[in-house]
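Everything on this sheet refers to the single structure shown next.
If you're wondering where the values come from, they're calculated on a predicted model, not measured in any experiment. Chain letters run A, B, ... following the sequence lines, proteins first, then strands; residues in each count from 1.
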Amino acid sequence: MTLKTRIIPCLDVKDGRVVKGVQFENLRDAGDPVEQAKFYDEQGADEICFLDISASHEGRGTLYDVVSRTADVCFTPLTVGGGVRSVEDFRALLLAGADKVAINTAAVKNPDLIREAALSVGSQCVVVAIDARRIANNPPKWEIFTHGGRNPTGIDAIEFAALAEKNGAGELLVTSMDKDGTKDGYDIDLIRTITDMVDIPVVASGGVGDLDHLVEGVTKGKANAVLAASIFHFGTHTLQEARDALKQNGIEVRNLEV
Amino acid sequence: MLAIIDYGFGNIRSVHKALLEAGANDVIITHDPQIIKKADKLVLPGVGAYAQCMGGILAIDGLLEALEEKVLKAGAPFLGICVGMQLLADVGVEFETIKGLGWISGKVTKLYPRNHDLKIPQMGWNEVKPNDCKYFESAWDNETKDVYFVHSYAFRTQNAENIAASCTYGADTFAAAVQKDNIFGVQFHPEKSQKAGLKLLKAWLEND
């Protein structure tokens, strides 16, 4: 008996619609995040992640509706991130049906918010999303960037990961902003440096272009979960293919109940 | 009528939807002791810290008494989920020792996987091995299944016969489910465990 490595498809949601959605004929409305989440749920996603990239207040409001409609039909854990600024935002998203909430910019600005959220809703619901860029190679160093990777902060990513854990984060979602969108694979050094340091689970994110990248995230990066977006969205690979690839490399994955 | 106890510390919505999906009808979400006294079955979800959850129950006037009357005296079927299961113990040992409901002897202590690669909380899908329990027999034919866990603590029952199913995380083998008479509790989240979880909820609904 052992804990299985999680495979997590991530959906970018803007104004209540999926950005870069799954192109499958059997979806009635390919732009509806709920339809897409249900599709991944049926494929046996171990968790589903929504990342809200709405800029406007109105767009933000639609997220709650998307989350609650998803929770109505998907009986699998749901993480929601993007634009979370306060403990009230945590509560509202959890109440809508999210199981975990990811916080990024607001936590970088005010790390005490991690502690406040953990005390209020429990550490297990608090995911700290770390978006980092490599700023040196020998030895490697990474800096935290916010606002979707646009704004440098001068904060060391590894030090911030340690602070997030100390303040009560239940999980870290680590994204390499250098790799994100490149399909070149995760920044393994970044993932490994953080997983070796912390005692909480780490989700690897950013850069997956093929199944080997998912495998490397676990075998080399020692990630507890691997997240990917486009390889699943564009139908390059199914979740079952991802599970098979991990399994062939000696990584334990979930046995689906049929 | 099935009552889901809403005391401020549960993922009520998910539990509610999953119970409906598993075939429950006439489900009410409440913390009103008078309504709870009229319920046929009770579900106690729970997410967060032990002290906060127990404090949440005690903060509602008459709730503890209503639960004890229904579960311990009237023998109403009871299901505790995650911290709602851990509260069944005598005590929870987190930052301090907190008195629990004390309906099943034992205490709740930290997981000890003893391997740095195995993180705390245990988060994700792990295997659950049933151990002489009618719900698992009905739901899974007593087979081992993967279900979703999120927890840093586990229920150490005083009596082995109260362990309805077990799970192993590194060096730690712990109670994935506990049972005693009409009381049933699961450490994992059946409401988040897709088909395996829904089947178990269905079995609980139908076997009492």
Partners of A:Arg91 by salt bridge (charged side-chain N to carboxylate O under 4.0 Å, His left out), sequence neighbours excluded? none

Using the rule given for salt bridge (Lys or Arg N to Asp or Glu O under 4.0 Å), can you reason through B:Lys17 versus B:Glu21, listing the C-alpha separation, both sets of side-chain angles and the distance that settles it, and then say yes or no? CA-CA 6 Å; B:Lys17 294 294 170 188; B:Glu21 184 76 14; over 6 Å; no

So which atom in A:Thr193 and which in A:Asp189 form the shortest heavy-atom distance, rounded to 0.1 Å? OG1-O, 2.5 Å

Minimum heavy-atom separation for A:Asp46 to A:Pro77, with atom names?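 Scanning both residues completely, I find the closest heavy atoms to be O-CD, 3.6 Å.
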
Among [options], who wins on heavy-atom pairs under 4.5 Å with chain B?
{"options": "A:Val121, A:Asp99, A:Thr195", "result": "A:Asp99"}
{"options": "A:Arg6, A:Gln124, A:Lys4, A:Arg254", "result": "A:Arg254"}
{"options": "A:Val202, A:Thr2, A:Leu95, A:Leu119", "result": "A:Thr2"}
{"options": "A:Val253, A:Asn224, A:Leu94", "result": "A:Asn224"}

Quick one: what part of [X] sits under 4.5 Å from any heavy atom of chain B, side chain, backbone, both or neither?
{"X": "A:Cys74", "result": "backbone"}
{"X": "A:Ser120", "result": "backbone"}
{"X": "A:Ala169", "result": "neither"}
{"X": "A:Ala98", "result": "neither"}

Quick check on the interface: out of B:Lys145, B:Lys199, B:His116, B:Glu191, who has the most heavy-atom pairs with chain A under 4.5 Å?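 Highest number of pairs under 4.5 Å: B:His116.
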
When B:Leu118, B:Asn11, B:Thr173, B:Asp117 are compared by non-hydrogen pairs under 4.5 Å with chain A, the top option: B:Asp117

Region of B:Thr168 that comes under 4.5 Å of a non-hydrogen atom in chain A: both

Checking heavy atoms, do the side chain of B:Leu198, its backbone, both or neither come under 4.5 Å from chain A?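 For B:Leu198, the side chain is the part near chain A, not the backbone.
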
Inspect the contact between B:Arg13 and B:Asp6 and indicate whether a charged nitrogen and a carboxylate oxygen are less than 4.0 angstrom apart.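 Here B:Asp6 does not pair with B:Arg13 in a salt bridge, since their nearest N and O are not under 4.0 Å apart.
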
Electrostatic pair A:Glu47-A:Lys100, nearest N-O below 4.0 angstrom: yes

Kindly assign one of parallel, tilted or perpendicular to the pair B:Phe149 and B:Phe188, based on the angle between their ring planes and the thresholds 30° and 60°. perpendicular

Looking only at the side chains, is there a donor atom on one of A:Arg243 and A:Gln248 sitting less than 3.5 Å from an acceptor on the other?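 Short answer, no.
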
